[in-house]
Amino acid sequence: MPSTVRLLMAALAVLSCLVAGCGDQDSPLAVTERLVAAYAAGDGPGVRELACQRYAEALAEECERITAEEGRMVFEVDYSLVSDDGSEAVVHLLGTATVYGPNGQAVEVEDMDRDVLLVREQGAWKFCQR
């Protein structure tokens, strides 16, 4: 069964990669969408690439685990931009994350009601912890 840490990381990832159908591919919402898609696809390197430098280093082991795990994760969430001052943004995530095992059965469901911090780093939005 996936760890609670993985679900927490997924929640953070989802919040950071918000998608509201915006045309700006580098908006906090668009980055959040890419992050959630990478997490759901088991793309650990993709998740790490979307993290701020400080957080990416802390995520190294978790990203290896994301890539190695069997099964899949499905997010059913709504995103909303709470704030964006150009250098920091906060995205709110509300919904659920469901982890399915290799047999296709749901093995864990977590309600998500969290804020995720994104920061501008070298001109691009990255998700990061406070």
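Note that this is a predicted model, so its numbers are computed, not measured.
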| query | Under the side-chain contact (heavy atoms from CB on, under 4.5 Å) criterion, do L93 and Y79 qualify, and how do the steps go? | reply | CA-CA 5 Å; L93 172 68; Y79 309 94; 3.7 Å; yes
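In this structure, W125 and V91 have side chains that are not in contact, with every pair of non-hydrogen atoms separated by 4.5 Å or more. Between R34 and L50, some side-chain heavy-atom pair lies under the 4.5 Å cut-off. Contact check for S87 versus V119: no side-chain heavy atoms found under the 4.5 Å cut-off. At a threshold of 4.5 Å between non-hydrogen side-chain atoms, the residues V82 and D115 count as touching.
Taking the side chain to side chain donor-acceptor pair (under 3.5 Å) definition, one finds that R120 meets it with D26, sequence neighbours left out. Listed by chain and residue number, C52, Q53, K126 satisfy the side chain to side chain contact (heavy atoms under 4.5 Å, CB included) test with E121 (two or more places apart in sequence, or in another chain). For the side chain to side chain contact (heavy atoms under 4.5 Å, CB included) test, residues two or more places apart in sequence or in another chain that qualify with D111 are T96. Remark: N103 pairs with no residue by the side chain to side chain donor-acceptor pair (under 3.5 Å) rule, at least two apart or across chains. Among residues two or more places apart in sequence or in another chain, the side chain to side chain contact (heavy atoms under 4.5 Å, CB included) test is passed with A37 by none.
Taking both residues in full, the closest heavy atoms of L59 and A51 are given as CD1-CB, 3.9 Å, listed atom of the first, atom of the second, then distance. Contact between P28 and D84 at its shortest, heavy atoms only, is CG-OD2, 4.0 Å.
Side-chain N/O atoms of D78 and H92 include no donor and acceptor closer than 3.5 Å.
Atom OG in S27 sits 8.5 Å away from atom CG in L81 (nearest 0.5 Å). F75 contributes atom CZ, which lies 9.5 Å from atom OG1 of T98 (distance to the nearest 0.5 angstrom). Taken from CG in L118 to CZ in F127, the straight-line distance is 9.0 Å, to the nearest 0.5 Å.
At least one donor-acceptor pair under 3.5 Å links the side chain of R48 to the backbone N or O of A56.
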